[in-house]
Amino acid sequence: MKLKSLFPALALLLPISSLAEESLFNGKNLDQWRIDSKSKATHWTVKDGTIHCQSDPKKAGSLLWTTKEFTDFTLTLEFKNGEGTIDSGVMLKRAKDQIQIGISGSLKRDLTASPYIPGKGYPVEGKEAIAAVKPKDWNTLKIEVKGSTYKTWLNGVEGITYTSDTAIPKGPLGLQLHGNRDMSISFRNIKITEKK
């Protein structure tokens, strides 16, 4: 094959090579994470390749943030609901916009894979994705962020597409333990693909 004919093939490979999947959890400890400084108790532990989150007797809330910041990405993670009324979520770049996991405190029903936007509540709901929740088994949540547009899938079922006017360009990702809840939840296989 002539050298000149190789260039188109190489050009096709370059975008693929820049989209490498990265693990955000090493399965051993929380070295890639930091606990919100407002948390007065350690709610987050690691055992058997899983991050476990458990509320404390005072029902204080807590956030577990990545030490790294992200712009555009696709995030996948597995979660398993534990005991109590599950009210958790994935914070997108700051403690504002989030993708809900579990029961909405305000609406008192499951809104998993739907966005919660402060001041707007839940502007859209992914009803088919909510119906795909496995209450006592592992669930796979996929979140795509491109600019200010969020897309979600739960267990392979499409959830929502929503464009947020409060999105910010760059920031860390957070896992939430909502305050005033007696609950537990587990996370594993947390992986991200950044879009360059």
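In this text, all values refer to a predicted model and were calculated from it rather than measured experimentally.
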- Message: Any donor-acceptor pair under 3.5 Å linking the side-chain atoms of Thr50 with those of Asp48?
- Response: no

- Message: With a 4.5 Å cut-off on side-chain heavy atoms, are Val133 and Asp110 touching?
- Response: yes

- Task: Not counting sequence neighbours, which residues clear side chain to side chain contact (heavy atoms under 4.5 Å, CB included) with Thr66? List them please.
- Result: Leu24, Trp33, Phe70, Pro172, Leu173

- Any chain of hydrophobic side-chain contacts (each under 4.5 Å) joining Ile130 to Tyr122? yes

- Quick one: closest heavy-atom pair of Pro115 and Ile160, and the distance? CD-CG1, 3.7 Å

- Task: First locate atom CG of Asn180, then atom CG of Asp182, and finally report the distance between them rounded to the nearest 0.5 Å.
- Result: 11.0 Å

- Could you walk me through whether Ser88 and Phe187 pass side chain to side chain contact (heavy atoms under 4.5 Å, CB included), step by step? CA-CA 11 Å; Ser88 183; Phe187 299 92; 3.8 Å; yes

- Between Val46 and Leu30, is a side chain to side chain contact (heavy atoms under 4.5 Å, CB included) present by the stated rule, with each step listed? CA-CA 7 Å; Val46 175; Leu30 296 175; 3.7 Å; yes

- Mind running side chain to side chain contact (heavy atoms under 4.5 Å, CB included) on Leu154 and Phe79 for me, showing each step along the way? CA-CA 11 Å; Leu154 185 74; Phe79 70 89; 3.8 Å; yes

- Task: Give every residue pair that meets the salt bridge (charged side-chain N to carboxylate O under 4.0 Å, His left out) criterion with at least one member in residues 74-88, sequence neighbours excluded.
- Result: Glu78-Arg188, Asp87-Arg181

- Item | side chain to side chain donor-acceptor pair (under 3.5 Å) against Asp31, all qualifying residues, sequence neighbours excluded | Asn29

- Message: Minimum heavy-atom separation for Arg94 and Thr166, please, with both atom names.
- Response: NH2-O, 2.6 Å

- Task: Under the side chain to side chain contact (heavy atoms under 4.5 Å, CB included) rule, collect the residues that match up with Val90, sequence neighbours excluded.
- Result: Leu75, Leu77, Leu92, Ile101, Leu141, Ile143, Leu175

- Query: Where do Gln98 and Met91 land on the side chain to side chain contact (heavy atoms under 4.5 Å, CB included) test, with the steps shown first?
  - Reply: CA-CA 4 Å; Gln98 75 174 88; Met91 297 293 184; 3.5 Å; yes

- Message: According to side chain to side chain contact (heavy atoms under 4.5 Å, CB included), who are the partners of Pro169, at least two apart in sequence or on a separate chain?
- Response: none

- Selection residues 127-138 - residue pairs positive for side-chain hydrogen bond (donor to acceptor under 3.5 Å, both in side chains), sequence neighbours left out: none

- Contacts of His178 that satisfy side chain to side chain donor-acceptor pair (under 3.5 Å) - sequence neighbours left out: none

- Just by distance, do the side chain of Thr67 and the backbone of Gln32 share a donor-acceptor pair under 3.5 Å? yes

- Task: Can you sort out the partners of Phe73 under ring pair (Phe, Tyr, Trp, His ring centres under 6.0 Å), two or more places apart, ordered by chain and number?
- Result: none

- Item | Spacing of CD belonging to Gln176 relative to NE2 belonging to His43, to within rounding of 0.5 Å | 12.0 Å

- With sequence neighbours excluded, what pairs up with Arg109 under the salt bridge (charged side-chain N to carboxylate O under 4.0 Å, His left out) test? Glu125

- Flag side-chain contact, heavy atom, 4.5 Å: Ile117 against Tyr162: yes

- Who passes side chain to side chain contact (heavy atoms under 4.5 Å, CB included) against Ser148, sequence neighbours left out? Thr163, Ala167

- Query: Do you see a donor-acceptor pair shorter than 3.5 Å between the side chains of His52 and Ser186?
  - Reply: yes

- So which heavy atom on Gln54 is nearest to which on Leu177, and how close? O-CD2, 4.0 Å

- Query: Is Ser23 reaching over with its side chain to a backbone N or O of Lys191, donor-acceptor style, under 3.5 angstrom?
  - Reply: no

- Query: Which salt bridge (charged side-chain N to carboxylate O under 4.0 Å, His left out) pairs, counting each pair once, include a residue from residues 140-163, with sequence neighbours left out?
  - Reply: Glu144-Lys195

- Message: Side chains of Asp97 and Tyr150: any donor to acceptor distance under 3.5 Å?
- Response: yes

- Query: Thr112 and Gly102: which non-hydrogen atoms are nearest, and at how many Å?
  - Reply: OG1-N, 2.8 Å

- Query: Ser104 and Leu111: which non-hydrogen atoms are nearest, and at how many Å?
  - Reply: CB-CD1, 3.5 Å

- Atom of Ala132, atom of Asn155 and distance for their closest heavy-atom approach: O-ND2, 2.9 Å

Under 3.5 Å, which donor-acceptor pairs do the side chains of residues 57-65 form with other protein atoms, sequence neighbours left out?
from, atom 1, to, atom 2, distance (Å)
Ser62, OG, Ser39, OG, 2.9
Ser62, OG, Trp44, NE1, 2.9

